[in-house]
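Only one structure is covered here, and it is reproduced in the block below.
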Amino acid sequence: MSEPAAELPISDARDSLADVVSRAHYAGRITYVTRRGRRLAAIVPAELAEAIERAEDAADVSAARDALARIDAGEIPVPLADLRDELGR
């Protein structure tokens, strides 16, 4: 069972980093590091971060397969220059 998430000012996190990391690893606690009450980052168990990365990778593979299937079906890909113009970059 994991501990509930916590918030910790960045100055306190700096002083207790080893404890924060140990709680993430052993107790499954997510700690949000804050500055002036605003969340800047999170220290999470490695297993959680790895699961998120695997989910993102799977979504990317699925999107690529969908795009290739549309090309195979005759859809014309959007040129990169057109996409940049559309996105305003």
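Residues: numbered from 1 along the sequence shown.
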What residues, two or more places apart in sequence or in another chain, satisfy salt bridge (charged side-chain N to carboxylate O under 4.0 Å, His left out) together with Glu53?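 Once residues adjacent in sequence are excluded, Glu53 has no partner under the salt bridge (charged side-chain N to carboxylate O under 4.0 Å, His left out) criterion.
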So [Y] and [X], do their side chains get closer than 4.5 Å, heavy atoms only?
{"X": "Leu83", "Y": "Pro79", "answer": "no"}
{"X": "Val20", "Y": "Leu8", "answer": "yes"}
{"X": "Thr31", "Y": "Val21", "answer": "no"}
{"X": "Val33", "Y": "Ile43", "answer": "yes"}

Shared ILVMFWY cluster between Val78 and Leu87, side chains joined below 4.5 angstrom?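 In one cluster: yes.
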Which atoms form the tightest heavy-atom contact between Ala49 and Val44, and what is the distance? CB-CG2, 4.0 Å
What heavy-atom pair brings Ala24 and Pro45 nearest, and what distance separates the two atoms? O-CG, 3.2 Å
Gap between atom [atom2] of [Y] and atom [atom1] of [X] - 0.5 Å precision:
{"X": "Asp66", "Y": "Ser62", "atom1": "CG", "atom2": "OG", "value": "4.5 Å"}
{"X": "Glu7", "Y": "Leu40", "atom1": "CD", "atom2": "CG", "value": "10.5 Å"}
{"X": "Leu17", "Y": "Ile10", "atom1": "CG", "atom2": "CD1", "value": "10.5 Å"}

When you look at CD1 of Ile76, are more than 12 heavy atoms from neighbouring residues, nucleotides or ligands closer to it than 6.0 Å?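 For Ile76, atom CD1 is not crowded (no more than 12 foreign heavy atoms under 6.0 Å).
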Check side-chain hydrogen bond (donor to acceptor under 3.5 Å, both in side chains) between Arg65 and all other residues, then give those that pass, not counting sequence neighbours.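 side-chain hydrogen bond (donor to acceptor under 3.5 Å, both in side chains) check on Arg65 returns nothing, list empty.
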side-chain hydrogen bond (donor to acceptor under 3.5 Å, both in side chains) with Glu50: which residues, sequence neighbours excluded?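 Checked Glu50 against side-chain hydrogen bond (donor to acceptor under 3.5 Å, both in side chains); zero matches.
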Is the side chain of Ser22 donor-acceptor paired with the backbone N or O of Ala18 at a distance under 3.5 Å, no angle test? yes
Under a 4.0 Å threshold between the charged nitrogen and the carboxylate oxygen, would Asp19 count as salt-bridged to Arg23? yes
